[in-house]
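Values below: every heavy atom of this structure, side chains too, minus hydrogens, waters and symmetry copies. Lettering of chains follows the sequences in order, A, B, ..., and the numbering in each one begins at 1. The structure displayed is predicted, hence computed values, not measured ones.
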Protein chains: 2
Amino acid sequence: MDNWVSMLKMIVPEIEALLEKRYSILKTVSYNQPIGRRLLAERLVFGERVIRSEVDFLKSQQLLISDTTGVSLAPDGEILMLQLDGILHNFRGLESLETYLAEKVGLEKVYIVAGDVDKQSSNMREIGKKAGEFISKVVRDDWVVAVTGGTTMAEVACRIPISNSSQKVLVVPARGGLGEVVEIQSNAIAAVIAERLGGTYRLLYVPDYISEEVLENLLLDCKIQETISLAKNANLLLHGIGVPKIMAARRDIDWHMLLKQAKELPAGEAFGYYFADDGTVAATTPTVGPKLEDLTKLNMVVAVAAGKSKARAILAVLRAGFVKVLITDQGAAESIKEILEAEI
Amino acid sequence: MDNWVSMLKMIVPEIEALLEKRYSILKTVSYNQPIGRRLLAERLVFGERVIRSEVDFLKSQQLLISDTTGVSLAPDGEILMLQLDGILHNFRGLESLETYLAEKVGLEKVYIVAGDVDKQSSNMREIGKKAGEFISKVVRDDWVVAVTGGTTMAEVACRIPISNSSQKVLVVPARGGLGEVVEIQSNAIAAVIAERLGGTYRLLYVPDYISEEVLENLLLDCKIQETISLAKNANLLLHGIGVPKIMAARRDIDWHMLLKQAKELPAGEAFGYYFADDGTVAATTPTVGPKLEDLTKLNMVVAVAAGKSKARAILAVLRAGFVKVLITDQGAAESIKEILEAEI
DNA sequence: CTTAGAGGGACAAGATATGACCCGGAGGGG
DNA sequence: CCCCTCCGGGTCATATCTTGTCCCTCTAAG
C-alpha cells in the first residue's frame, strides 16, 4: 500500500500538490460551509482566481455545490472526505513516518497528524481529535483513566467524542493543580473527560509543586492517598510533554536553580520529571502523583504532544521508556526523525 | 484497493492521462531501448517536443537514462515497470471489469490486457504474454495439455516463458490441421508449447475438416485414438475462439451452406462447434478431437481470444458453459460488457 | 433600505506547453 | 575511408492554459 503511493509519486509527482490543494479546499469548505470564494482564498492564501478554478472543477466532479449563500460540500464530497484523510496520510508519508518512529524509539504505536501546531495553532484541534478518537476507541468499561494537565491535554479532553452510553469509567488526575488557568489543570481536564466518556471522576485538591515536608503530610490523608493509588494503577495514563524551561516558568520554579541541581541538561518534562536527551532523569520536582517506577508498570501510557518546538522534549521523554503510544504532529515527528538521523 | 483508485480519479482525474502518457513512454522504451526521441514520438503519435519534455522529466526521476545511442530504462525504471502494470491495470478499471465479467458469465477467472488487438495488432503480444505466463504458472508436472490452433494460440505458444527445468508435461493437439499456414496449426503449436515447457508432444496427422465417413475410419487407428483420448482427458485445455464467418472461410466451408443447416445464427466458434448468441449449439462441423460433452467434464478450460470484433463470438462460446478461464483484451471485454448491459 | 458577501463574466498579463528547425557528433553500412 | 542516419541538445516563436484584477448583479440579514 505504501509502495503504491511511492510509485505514484515517482511517476506523477505533480499529483501530490494537486491533491493537497484540492483537499485543503474541501476541508476548509467542510469546516466553514457555506463559504464564499474570496473568504476561502483569503484563508488558504491562494489567489482568488485559483480558488475559483478549483471550485469550478470540484463542482464539476460533484464534490461541491454552490448556491447564493456560498460553496458547500455535496453529498459525494462528504463521503469522499471521510476516506480522503487516509489517502493524504499516505501521500504525505505520515504512515511510513509512524512506523519509522515506532520502531526506532520502541513504541507500540505512533499517530501523526498533518501540519505543525507551532505554525498553525488551529492544528491543535486535529491533534485533540486524533487523541480523543483514540481514547474513546480504546477505553473499556470499569477502566481507570489517569490524566495530567496542560493546554494539549485540555484540547484532547474537549475533542473526545461524547459517549451516550454511560460507562463505569473512572477518571482521576495524575497531578495536582498547575497554579494558573483552571481549564488546563488536570483536575478540570479529568472532569471534562469523565463527562464526555459518560463516567465519573475524582479530584486531587493539592497544589502540584509543594515542599517535600508538606507533601509527606498530605500523603497521609486518606482520600488523597486513595486517588493517587488509583492513578498509579490506572488502565490508561494520558499525559502531555513539556519543554523544561517553559514548564518551570509555568510552575514558578527558578530555572537557574533547577539547572544547578540537575545532573544533566533537562530536555523534556513529564510528571514533574525532567529528562535529559538520552532519557535519563536529569532532575525531579517534588510532585503529587505516580512516581517514575509506577509508570513503567503501566501497560498503556499515551503521550500527546505536538509542534516542532517540542520535538526534543518528546524524544527525551520517549527514551525514558514508559510511553507506549505517542500522538503527535508532522512538525514534531519530522523534527524527531531529523534528530535521530543526525545522531547516527 | 479499487476504492483507492476511484477516489484518486475523482479528485485528481488528470493523473490518469499523465500516468498513461508516461507509462506508454516507459513501456515503449523498455521494448525498444535504446531508442531516440523522434522514433519514440513517431511510434507513440505524440509531438516530438512532448516526448522530449517527458523524457527529460523521467530522466530527472531516474527512471530513464540517455546516452549517445538513445534513451534506455534506468535500473529504477526497470524495477518500477514491474509494478506499474498493476497500477495501470487498476487505473484503467480492468480489475473491476475482470470481476464483472467473471461474475456475470460465471467464470472462475478473467484476465484482461489493456488495448485492443483490432486497433493495434501489436497488442496481441501482450495477450500472448499474459496467457503464456498463466500457463507456465498453472501447469504441473505430469499434466496433459491440449491446445487448438489459430493465430492467437500461435502467439500464446511463443510467449510462454522458457522453462529450463524439464517437466513431464505432455502437449497434444486438440484439433487436426487447419489447411493453410503451418505455424498456426494445432500440431505446430503443440510442438512449440511442449518445447517451451520442457515437455514432450504428440501430433495428430489428420485434416481437421473431413467427411464423416473418413473420420470414422480414421478414428479406428490406434495412435490417433490414443492422442484424441489424451486430449479428452487433458488437465488443461487451451483454445481460441473464432468468428464463424471467418472460421468457415479459413476451413473452406461454404458459409451459406452452413447457414442453411444451422438451427440458429452462429455467433461464435470453438472446436468446430458453432454457437448461437445464447450459447446453444447452432451447427457443427465434423471434426477430430474432443466433443462438447467431453469439454464439460474438464475442469480447466482456458479460452484466449481478443479484439472487439470477437466480442460477440467470445460471449457466445462462454455461454456454452465449459470455459473456466478467459484471457482477453480491453477492447473485447468492454464490448462484451456493453452487449450484456444492452440485454437487460 | 442598506450593505456585506455571494457567484459569475470578462480580459489582459504572465507562465507554460508545444511545434519547428537547426546543430555537432557517434556509429553503421557501403 | 566517407557518407548517411539517427542520436541528444539548443533555441525560439507561437499556441494554450493559468492567474490576477476589476466589475457586475443578486440575495439575505440587519
Side-chain angles (χ1 to χ4, degrees), chain A residues 9-78, chain B residues 9 11-78 122:
Chain A
K9 276 165 83 168
M10 172 131 344
I11 195 170
V12 274
E14 38 270 90
I15 67 166
E16 197 179 359
L18 265 176
L19 242 185
E20 206 76 56
K21 180 162 58 167
R22 288 181 185 157
Y23 174 75
S24 70
I25 292 175
L26 285 171
K27 199 176 131 200
T28 311
V29 168
S30 81
Y31 280 153
N32 307 77
Q33 58 186 318
I35 185 176
R37 280 190 328 233
R38 294 140 214 271
L39 215 51
L40 208 51
E42 198 183 332
R43 202 165 292 217
L44 293 171
V45 205
F46 288 129
E48 178 202 325
R49 195 52 224 275
V50 178
I51 292 291
R52 194 152 147 197
S53 310
E54 292 301 332
V55 165
D56 282 346
F57 164 79
L58 291 169
K59 277 201 287 186
S60 78
Q61 295 291 103
Q62 314 239 311
L63 298 173
L64 293 180
I65 44 175
S66 77
D67 51 30
T68 61
T69 68
V71 186
S72 315
L73 275 187
D76 284 0
E78 293 190 32
Chain B
K9 276 165 84 167
I11 195 170
V12 274
E14 37 271 88
I15 67 165
E16 199 181 355
L18 265 176
L19 242 185
E20 206 75 56
K21 182 165 50 166
R22 290 182 184 156
Y23 173 76
S24 69
I25 292 174
L26 285 172
K27 199 175 129 203
T28 310
V29 169
S30 83
Y31 281 154
N32 307 77
Q33 57 186 318
I35 185 177
R37 285 189 325 234
R38 294 139 215 271
L39 214 53
L40 208 50
E42 196 186 333
R43 202 167 292 217
L44 294 170
V45 203
F46 288 127
E48 179 203 324
R49 197 50 223 276
V50 179
I51 292 292
R52 197 152 146 195
S53 310
E54 293 300 333
V55 166
D56 282 344
F57 164 79
L58 291 169
K59 277 201 287 185
S60 77
Q61 294 293 102
Q62 315 239 309
L63 298 174
L64 291 181
I65 43 175
S66 76
D67 51 28
T68 61
T69 67
V71 185
S72 315
L73 276 187
D76 284 2
E78 291 189 34
S122 64

If you look only at distance, which donor and acceptor atoms sit under 3.5 Å apart when one is on a side chain in residues 57-66 of chain B and the other is two or more places apart or in another chain?
{"from": "Lys59(B)", "atom 1": "NZ", "to": "Ser66(B)", "atom 2": "OG", "distance (Å)": "3.0"}
{"from": "Ser60(B)", "atom 1": "OG", "to": "Phe57(B)", "atom 2": "O", "distance (Å)": "2.5"}
{"from": "Gln61(B)", "atom 1": "NE2", "to": "Met10(A)", "atom 2": "O", "distance (Å)": "2.6"}

May I have the distance from [X] (atom [atom1]) to [N] (atom [atom2]), rounded to whole angstrom?
| X | N | atom1 | atom2 | answer |
| --- | --- | --- | --- | --- |
| Leu64(A) | dG8(C) | CG | C1' | 16 Å |
| Asp56(A) | dA6(C) | CG | P | 15 Å |
| Leu58(A) | dG7(C) | CG | C1' | 16 Å |
| Leu44(A) | dT19(D) | CG | P | 15 Å |
| Glu14(B) | dT16(C) | CD | P | 17 Å |
| Ile51(A) | dT21(D) | CD1 | P | 15 Å |
| Ile65(A) | dG7(C) | CD1 | P | 12 Å |

message = So which atom in Leu73(B) and which in Ser30(B) form the shortest heavy-atom distance, rounded to 0.1 Å?
response =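 The answer is CD1-CB, 3.4 Å.
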query = How far apart are the closest heavy atoms of Asn32(A) and Ile35(A), and which atoms are they?
reply = O-CB, 3.5 Å
inquiry  = Just to be sure I understand the rule, does Ile35(B) reach a base, reach only the sugar-phosphate, or reach nothing, if contact means heavy atoms closer than 4.0 Å?
reply    =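 Sugar-phosphate contact only.
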Return the polar atom pairs (N/O with N/O) between nucleotides 17-26 of chain C and the protein under 3.5 Å, or none.
{"from": "dG19(C)", "atom 1": "O6", "to": "Arg49(B)", "atom 2": "NH1", "distance (Å)": "2.9"}

Interatomic distance, Glu78(A) atom CD to Ser72(A) atom OG [nearest 0.5 angstrom] = 9.0 Å
Check: residues 47-55 of chain A side-chain donor-acceptor pairs under 3.5 Å, at least two apart:
{"from": "Glu48(A)", "atom 1": "OE2", "to": "Arg37(A)", "atom 2": "NH2", "distance (Å)": "3.2"}
{"from": "Ser53(A)", "atom 1": "OG", "to": "Arg49(A)", "atom 2": "O", "distance (Å)": "3.1"}
{"from": "Glu54(A)", "atom 1": "OE1", "to": "Arg22(A)", "atom 2": "NE", "distance (Å)": "2.7"}
{"from": "Glu54(A)", "atom 1": "OE1", "to": "Arg22(A)", "atom 2": "NH2", "distance (Å)": "3.4"}
{"from": "Glu54(A)", "atom 1": "OE2", "to": "Lys21(A)", "atom 2": "NZ", "distance (Å)": "3.4"}

Val71(A) vs Ile25(A) side-chain heavy atoms within contact, under 4.5 Å =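 No, too far: nothing below the 4.5 Å cut-off.
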